Amino acid sequence: MPELKRLHAGHAPAVLAFELANRTYFAASISDRGDDFFDQFTDRYNASLAEQEAGICAFYVLVAEDGLVLGRFNLYDLEDGTARLGYRVAEQVAGRGVATATVRELCRMATAMHGLRTLRAATSHDNAASQRVLTKAGFVPVGPADLGGKPGTWYQRDLEVQP
């Protein structure tokens with residue numbers, strides 16, 4: 001059974017492998033991270049760990065029993081009881097409810113571990129799978145979003161209300 005774990009330095013090789021293995025799959029529905037992301041992976045990864053240590057963000061990975069990363073689930077800009085949610089799951093587990101179940105789990109953890117009351121997430125209009133994940137996890141549309149030039153929608157969830 002995959003487990004949602006707080007990101008740490010030891011996850012770096014598996015996270016890089018996850019990003020590389022799924023790069024083309026991700027680029028079909030969200031903006032590609034670009035070659036710089038991979039060229040500067042170690043520096044960016046360490047910067048993310050520093051942001052997490054400072055309490056600005058909280059990063060999680062969904063890890064299979066064999067250590068393979070199946071997804072990334074991130075809370076950005078933790079402030080005043082709110083945060084932004086971002087996530088991506090491996091192509092091999094897409095469409096199986098993994099993202100929805102993990103987003104629900106992260107919503108519980110966001111309250112218990114980070115004291116958050118509200119999460120927001122944005123998805124493009126052409127990313128129907130992400131829209132379904134957010135809706136099934138109790139998020140509701142709250143307004144338009146601009147995702148790097150792509151039109152989208154902001155979703156929000158009050159964490160005190162459990163779906």
Side-chain angles (χ1 to χ4, degrees), residues 1-54 56-78 83-107 109-110 114 119-137 139 141 144-157:
M1 187 83 179
E3 185 178 350
L4 191 60
K5 297 182 177 185
R6 186 82 177 247
L7 187 72
H8 63 71
H11 289 132
V15 169
L16 179 58
F18 163 81
E19 292 288 351
L20 287 167
N22 292 282
R23 184 176 184 182
T24 302
Y25 170 67
F26 294 146
S29 59
I30 55 178
S31 298
D32 182 59
R33 292 194 185 274
D35 291 338
D36 283 351
F37 173 84
F38 297 98
D39 293 343
Q40 300 169 12
F41 179 81
T42 300
D43 290 341
R44 288 178 186 265
Y45 192 87
N46 290 336
S48 293
L49 291 175
E51 284 183 331
Q52 179 169 265
E53 188 66 30
I56 299 166
C57 301
F59 302 109
Y60 292 88
V61 286
L62 185 64
V63 182
E65 291 177 17
D66 64 1
L68 190 69
V69 170
L70 301 175
R72 297 182 71 180
F73 296 82
N74 303 316
L75 299 173
Y76 299 98
D77 304 328
L78 282 76
R84 286 185 304 112
L85 167 68
Y87 57 91
R88 51 181 55 203
V89 296
E91 183 174 18
Q92 73 190 61
V93 297
R96 298 184 188 172
V98 170
T100 301
T102 308
V103 167
R104 285 177 177 151
E105 175 66 15
L106 187 56
C107 286
M109 293 170 68
H114 305 290
L119 288 183
R120 292 174 51 90
T123 186
S124 66
H125 290 163
D126 59 1
N127 191 343
S130 191
Q131 294 167 29
R132 282 191 303 275
V133 167
L134 291 171
T135 301
K136 287 179 179 180
F139 287 75
D146 179 1
L147 303 165
K150 289 184 178 181
T153 301
W154 277 104
Y155 289 77
Q156 184 169 306
R157 176 168 168 191

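On a predicted model such as this, the values are computed, not experimentally measured, just so you know.
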Do D36 and R44 touch side chain to side chain, with heavy atoms closer than 4.5 Å? yes

List the steps, then state whether side chain to side chain contact (heavy atoms under 4.5 Å, CB included) holds for L119 with Y155. CA-CA 8 Å; L119 288 183; Y155 289 77; over 6 Å; no

For the CG atom of L70 and the CZ atom of R96, what is their distance to the nearest 0.5 Å? 9.5 Å

Could you give the distance from CG (L75) to SG (C107), rounded to the nearest 0.5 Å? 8.5 Å

Side chains of V103 and F73: closer than 4.5 Å at any heavy-atom pair? yes

Between L134 and L85, is any pair of side-chain heavy atoms under 4.5 Å apart? yes

Please confirm whether F59 and Y76 have ring centers closer than 6.0 angstrom. yes

Would you name the heavy atoms of R104 and K136 that are closest together and state the gap between them? NH2-O, 2.6 Å

CG on L78 to CD1 on I56, rounded to 0.5 Å: 9.5 Å

Interatomic spacing from OG1 in T153 to CG in N127 - rounded to 0.5 Å: 11.0 Å

Do side-chain atoms of D77 reach the backbone of A83 as a donor and acceptor pair under 3.5 angstrom? no

Of all heavy-atom pairs linking G67 and A14, the shortest is O-CB, 3.7 Å

If you round to the nearest 0.5 Å, how far is CH2 of W154 from CG of D146? 10.5 Å

Is the shortest heavy-atom distance from the side chain of Y45 to the side chain of H11 under 4.5 Å? yes

In the structure I gave you, are the side-chain heavy atoms of V69 and L62 within less than 4.5 Å of one another anywhere? no

Within residues 3-19 or reaching into it, pairs that qualify as salt bridge (charged side-chain N to carboxylate O under 4.0 Å, His left out) - sequence neighbours excluded: E19-R33, E19-R72, E19-R88

List the atom of R157, the atom of A137, and the distance in Å for their closest heavy-atom pair. NH1-O, 2.8 Å

Hey, does V63 have a side-chain heavy atom less than 4.5 Å from the side chain of L68? no

Rounded to the nearest 0.5 Å, how far does CZ of F18 lie from CZ of R23? 14.0 Å

Nearest heavy-atom neighbours spanning N22 and A90: OD1-CA, 3.4 Å

Nearest atoms (heavy-atom pairs only) where T123 meets Q131: CG2-CG, 3.5 Å

Could you tell me whether the side chain of F41 reaches within less than 4.5 Å of the side chain of D43, counting heavy atoms only? no

Would you say the side chain of Y87 lies within less than 4.5 Å of the side chain of N74, judging by non-hydrogen atoms? no

Residue pairs meeting side chain to side chain donor-acceptor pair (under 3.5 Å), one or both in residues 58-68, sequence neighbours left out, come to Y60-H114

